[in-house]
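Quantities reported herein were computed from a predicted structural model and do not represent experimental measurements.
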Amino acid sequence: MLHQLPCRGMTGVHWTGDVHDWRLAPREYGAIHFHSDDIYDCGWPVTLDLQIPADWKSGFHALRLRPVSTGNADADDAQGIETLITFFVTPAVNAKRASLAVLAPSMTYMAYANNALRLHAVHFEVLTERLLMLTGDDIYLQEHPEIGQSTYDHHIDGSGRAYSSWLRPVLNMRPRSSLGNLAIDTHFLDWLEEKGIDYEVITDVELDRQGPRALADYRVLATLSHPEYYSEAMMNGVMAFQNAGGRHLALGANGFYWRCAFHPKAPAAVEVRRGITGTRTWESQPGEVHLAGTGEPGALWRHSGFAPQKLIGVGFAAMVYDHAGYYLLTEGASNPRVAFAIEGISQGERIGDYGVRIGGAVGIELDRFDVALGSPPHAVMLATSHGLGPGSLPTPEEYRTTVHGLDGEQNALVRADMVFFETANGGAVFATGSISYVLSLSHNHYDNNISRITGNVIERFLNPEPFEMPS
């Protein structure tokens, strides 16, 4: 009996290098990698059981916990302590469905859970060109390593962490804590609420366990700012939804990137193997790229022949370490097929040269159009990014050798593309190609051209009139 998920699928003394899949030569994979800081389930006893009423609205929710009052006002104020535990309410089984489903990327949230990379990476301040500021959560992580870190971090022996679980405290998945994935995603939910658009929330767990059935009742699917980690069932589920006539609004970048899986014997855990390329903070050892839980190859979906471009028309191209950019319409925007999306937008108009946190709709991480990687040839690239600087750099898989001119001021491949294309049975896909896109939605009291384009697309996608594939 093994406890707390030590790493399996590891090469042993008999490994010859001839086989890289442990299922084909189990004798060569006799090793188990134990770590004193392995963690799957912290084993805390249940102290609160919250029963969700059937009439609660589906969405992102949080349970607020505060200390019990001592009766001493000064002492209570001095404590100033509270915490919020995020959870998702999905639709009741027999409830009437909204037309729009928002897919919470819970697998990605888990991959980043308790990310402490910036505390330990020696190059962090140089990379981001800013001073590192510690939060209370950062200090707690340092003082309590027993709660475990993310799949971006290392065990104390220096090896990469292949597992992350939700059966432990997760500090950076709470409101008012981290400025990362979940906090960015809530900007789209805020915009939906402001515009009065009905929606429901489902998670990666439903998509992974149920496949296409999880999306079958919806006309429109919205994936959020950074759905980076995807299982095979999830990739196939989204593709099946699109090919069955569903409409997919892909609102981010660096999505559908790493091939990973929920562990079949430990279903609250995500398993990640980093492979030997891609934007990574550690690298799998030779022969150890296949997932221990399922046996399938890990690493990038691109290297399994399923690049993100095949799914949503764009795929990971670059990271932005300095200032954000904006979009300009392309010549393709004159195509009548995309007239609905850019209604009210003029040629030459800067789209998204504003936004909270980073100041622009094109930033953090970017996706681009590429037919060679699977972008549909009939897709329309209606806008592309401008204004990026030397801090915009391509992902490692985007170039084969180090040369001059790789940055966003000189490299035409460092960009974000806004893309639309039709799919089978009246479906369609609209992709924005930037993580920071949703951070611009609320600018000027929600009256701006990013908000306008998003509203145009959702309005048309909710319309049951089928899209027609171009001849």
Can you see whether F256 has K310 sitting over its ring - NZ or CZ less than 6.0 Å from the centre and within 45° of the normal?
no

May I ask you to test the Y29-M10 pair for a side-chain heavy-atom distance under 4.5 Å?
no

Students often mix this up, so state it plainly: with edges at 30° and 60°, are the rings of F87 and W56 parallel, tilted or perpendicular?
parallel

For Y327, which of N449, T384, I450 qualifies under side-chain contact (heavy atoms from CB on, under 4.5 Å)?
I450

So W166 and V270, do their side chains get closer than 4.5 Å, heavy atoms only?
no

Could you grab the distance from atom CD of Q347 to atom CG of L329, nearest 0.5 Å is fine?
5.0 Å

Tell me, do R259 and H303 make a side-chain contact under 4.5 Å, heavy atoms counted?
no

Among side-chain atoms of E206 and T90, is any donor-acceptor pair under 3.5 angstrom?
no

Just by distance, do the side chain of S225 and the backbone of G252 share a donor-acceptor pair under 3.5 Å?
no

Among side-chain atoms of Y230 and N236, is any donor-acceptor pair under 3.5 angstrom?
no

Side chains of D407 and Q410, donor plus acceptor under 3.5 Å
yes

Side chains of W191 and T454 only: does a donor on one sit below 3.5 Å from an acceptor on the other?
no

In terms of side-chain geometry, is the basic nitrogen of R273 or E288 positioned less than 4.0 Å from the acidic oxygen of its partner?
no

Of T223, V220, L215, T423, which meets side-chain contact (heavy atoms from CB on, under 4.5 Å) against H248?
T223

Taking the six-membered ring for Trp, are the ring centroids of Y40 and Y163 within less than 6.0 Å of each other?
no

So CD of E194 and NE2 of H187: to nearest 0.5 Å the spacing works out to 13.5 Å

If we only count heavy atoms from C-beta on, is the S99 to D198 side-chain gap below 4.5 Å?
no

At their closest point, which heavy atom of P169 faces which heavy atom of N114, and how far apart are they?
O-ND2, 3.0 Å

L103 and L221, any side-chain heavy atoms less than 4.5 Å apart:
yes

Which of F316, W301, F306 passes ring-ring contact (aromatic ring centres under 6.0 Å, His included) with Y257? It is F316

Distance col, row I358:CD1 vs S440:OG, nearest 0.5 angstrom, shows 7.5 Å

Geometric cation-pi criterion R247 and Y218, 6.0 Å radius, 45° cone
no

State whether a side-chain donor-acceptor pair under 3.5 Å links R161 with T151.
no

Between E422 and R337, is there a side-chain N and carboxylate O pair less than 4.0 Å apart?
yes

Would you call E283 and R280 a salt bridge, using N to O less than 4.0 angstrom?
yes

Donor-acceptor contact below 3.5 Å, side chain H443 vs main chain N448:
no

Grab the two heavy atoms, one from G295 and one from D21, that are nearest each other, plus how far apart they are.
O-OD1, 3.9 Å

Can you see whether H226 engages Y112 through a side-chain donor-acceptor pair at a distance of less than 3.5 angstrom?
yes

